[in-house]
Amino acid sequence: MAKKRLAILGATGSIGTQALDIVAAHPSLFRAEILSAHANADLLLQQVAQHQPNAVVVTQEQAYEKVKKALSNSDTKVFYGQDALNDVVTWDSVDFVLAGIVGYAGLHSTLSAIRARKPIGLANKETLVVAGSIVMEEARCHGVPIIPVDSEHSAIFQCLMGEEMSSIEKVILTASGGPFLGKKPNFLVNVKKSHALQHPNWTMGAKISIDSATLMNKGLEMIEAKWLFGLTDEQIEVVIHPQSIIHSLVQFTDGSLKAQLGLPDMKLPIQYAMTFPKRVANEFPRFSFKEYSKLTFEQPDVKTFRNLQLAMDAMHKGGNAPCVLNAANEIVVEAFINNKVGFLQMSDLIEQAILNVHFIENPSLEELVETDKETRIYTQKELAKLDY
Ligand code: NDP
Ligand code: MG
């Protein structure tokens, strides 16, 4: 089998570094052809030394200067910026694009790769939250498979192998509940980022860790599932499952339920996306029933964790509402990480943005780009007025 040549976007992140571990473990299957980073020049340089990619793209100027200087005598080409990112993913030497950039920043490179008919391993859920209808339509027109990396969606994707989409009654996304499961507003009002970043089961980037603590992550994943699997809003449910062993379930029209299980380890869905449709043997730790005497389930508390309700409302509202939700969320999460907003205030600001940024029922890509900008400006202004 020829080596699959990968463009790993967001190579320096949690998803990207794990993808590179898989490349290193299977040198006969994969080659890291292109890597991208934003600010972490040092880690990117280590990755270049190990993987010798054909090219790297750096999207933050200072980091770019550092990488360019360090690689001036190397065979690895160095490019700067979003346009370069959109270009390298279209190269003939790329067989597969792993979209591991965090946030809205990952949208355009993913779209560009789809238009160049590159199969996508999609970790960057925000792409589908912002522009799911457009992205899936482009993928359909270009005959491009979008293979989910997000563990819940990978689980659903695996459960759907050999099934007809018309046989789906509903999908049930599992959620760990995050570090604040069971907590009430009087506790949450005072929590800081150091608490929120301590996820009980997964080690992930900062943004998704905060999103997991607020349950926004599950809201974003409902919208992601809607577009990936062509579901109606009513076909998507969430259940809290604190052990994160069942990664999600599909219920079929005959009442049968299929689930995918495993230890909470992102390497598994990342590897599955990279090797699909094959499964490749590995040494990852295995689940054992001896270590888990109980798997438990409960309903999410959407009154306390309002972000999940806000995301569901934005999904029902449709149009550019999920794009507003996402942009406002990115701004407040960054502010929370910088100790500029309280945990509960984040939901208030997102709600305000959805109410105040003008609604477009059938937005074009350009209108979504505008919506993203407008929402960021609006939310920054409201943040500045806050008493925190
Ligand atoms: P990280 O924050 O760990 O990594 C993000 C990556 O994106 C880094 O390589 C970072 O570069 C790069 N990046 C950041 N900002 C920009 C920008 N403006 N332009 C271009 N590149 C940028 O995130 P994760 O790996 O945790 O998450 C990545 C995506 O995968 C997210 O959408 C997340 O929701 C999704 N996901 C992650 C999971 C996980 O376990 N981590 C699980 C399921 C989904 P640098 O570090 O060099 O600044
Ligand atoms: Mg997930």
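Please read all numbers here as calculations on a predicted model, not as lab measurements. Order of appearance sets the numbers: ligands from 1, and atoms from 1 within every ligand.
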*Kindly indicate, with the supporting measurements, whether the criterion salt bridge (Lys or Arg N to Asp or Glu O under 4.0 Å) is fulfilled by Lys183 and Asp301.*
CA-CA 9 Å; Lys183 299 292 190 220; Asp301 174 2; over 6 Å; no

*salt bridge (Lys or Arg N to Asp or Glu O under 4.0 Å) between Asp313 and Lys317: does it pass, once the steps are laid out?*
CA-CA 6 Å; Asp313 294 346; Lys317 192 169 171 186; over 6 Å; no

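Between Phe343 and Phe336, the angle of the ring planes goes over 60°, which puts this pair in the perpendicular group of the 30/60° scheme. The aromatic rings of Trp91 and Phe79 lie perpendicular to each other, with more than 60° between the two planes, well past the 30° mark.
Atom OH of Tyr388 has more than 12 neighbouring heavy atoms from other residues, nucleotides or ligands inside a 6.0 Å radius. Lys267 NZ: more than 12 foreign heavy atoms inside a 6.0 Å radius. Within a 6.0 Å sphere centred on CD of Gln60, heavy atoms belonging to other residues, nucleotides or ligands number more than 12.
Within the 4.0 Å heavy-atom cutoff, Gly16 does not count among the residues contacting ligand 1. Residue Lys125 places a heavy atom under 4.0 Å from ligand 1.
Considering only heavy atoms from C-beta on, Met266 comes within 4.5 Å of Val149 through its side chain. Side-chain contact between Trp202 and Ser14 is absent, with no heavy-atom pair separated by less than 4.5 Å. Side-chain contact check for Val56 versus Gln47: every heavy-atom pair is 4.5 Å or farther apart. Under the 4.5 Å side-chain criterion, counting only non-hydrogen atoms from C-beta, His199 is in contact with Ser176. Side-chain contact between Val89 and Lys118 is absent, with no heavy-atom pair separated by less than 4.5 Å. Taking the side chain as every heavy atom from C-beta outward, Thr12 and His38 never approach each other to under 4.5 Å. Considering only heavy atoms from C-beta on, Leu308 comes within 4.5 Å of Val302 through its side chain.
Counting only heavy atoms of the protein, atom 18 (N) of ligand 1 lies nearest to Ala105 CB, 3.4 Å. The protein heavy atom nearest to atom 4 (O) of ligand 1 is Gly13 CA, 3.1 Å. Nearest to atom 48 (O) of ligand 1 among the protein's heavy atoms is Ala39 N, 2.9 Å. Atom 27 (O) of ligand 1 has Ile15 CG1, 4.1 Å as its closest protein atom, hydrogens excluded (heavy atom only). The closest protein non-hydrogen atom to atom 3 (O) of ligand 1 is Ser14 N, 2.9 Å. Protein heavy atom closest to atom 26 (O) of ligand 1, with residue, atom name and distance, is Gly205 N, 2.9 Å. Asp150 OD1, 3.1 Å is the protein heavy atom nearest to atom 43 (C) of ligand 1. Here the protein heavy atom with the shortest distance to atom 28 (C) of ligand 1 is Gly100 O, 3.3 Å.
Contacts between Thr59 and ligand 1, counted as non-hydrogen atom pairs separated by less than 4.0 Å, involve the side chain only. When heavy-atom distances to ligand 1 are checked against a 4.0 Å cut-off, Ile208 comes that close only through its side chain, counted from C-beta outward. With a 4.0 Å heavy-atom cut-off, ligand 1 is reached by no atom of Gln82. The backbone and the side chain of His38 each have at least one atom closer than 4.0 Å to an atom of ligand 1 (non-hydrogen atoms only).
Considering both main-chain and side-chain atoms, Thr12 comes within under 3.5 Å of ligand 1 through a nitrogen or oxygen pair. In terms of polar-atom proximity, Glu126 is counted as a contact of ligand 1, with an N or O under 3.5 Å from an N or O of the ligand. Of the N or O atoms in Asn40, one or more lie within a sub-3.5 Å distance of an N or O in ligand 1.
Glu221 contributes OE2 as its N, O or S atom closest to the Mg ion (ligand 2). Taking the Mg ion (ligand 2) as reference, the nearest N/O/S atom within Asp150 carries the name OD1. Within Glu152, the N, O or S atom at minimum distance from the Mg ion (ligand 2) carries the name OE1.
Every atom of ligand 1 is numbered from 1 in the order shown, and the set under 4.0 Å from a heavy atom of Ala37 is 47 (O). Residue Gly10 approaches ligand 1 through these ligand atoms, each under 4.0 Å from one of its heavy atoms: 6 (C), 7 (O), 9 (O). Taking every non-hydrogen atom of Ala123 and a distance limit under 4.0 Å, the qualifying atoms of ligand 1 come out as 30 (O), 32 (O), 35 (C), 36 (N), 44 (C). Taking every non-hydrogen atom of Met266 and a distance limit under 4.0 Å, the qualifying atoms of ligand 1 come out as 40 (O), 42 (C), 43 (C).
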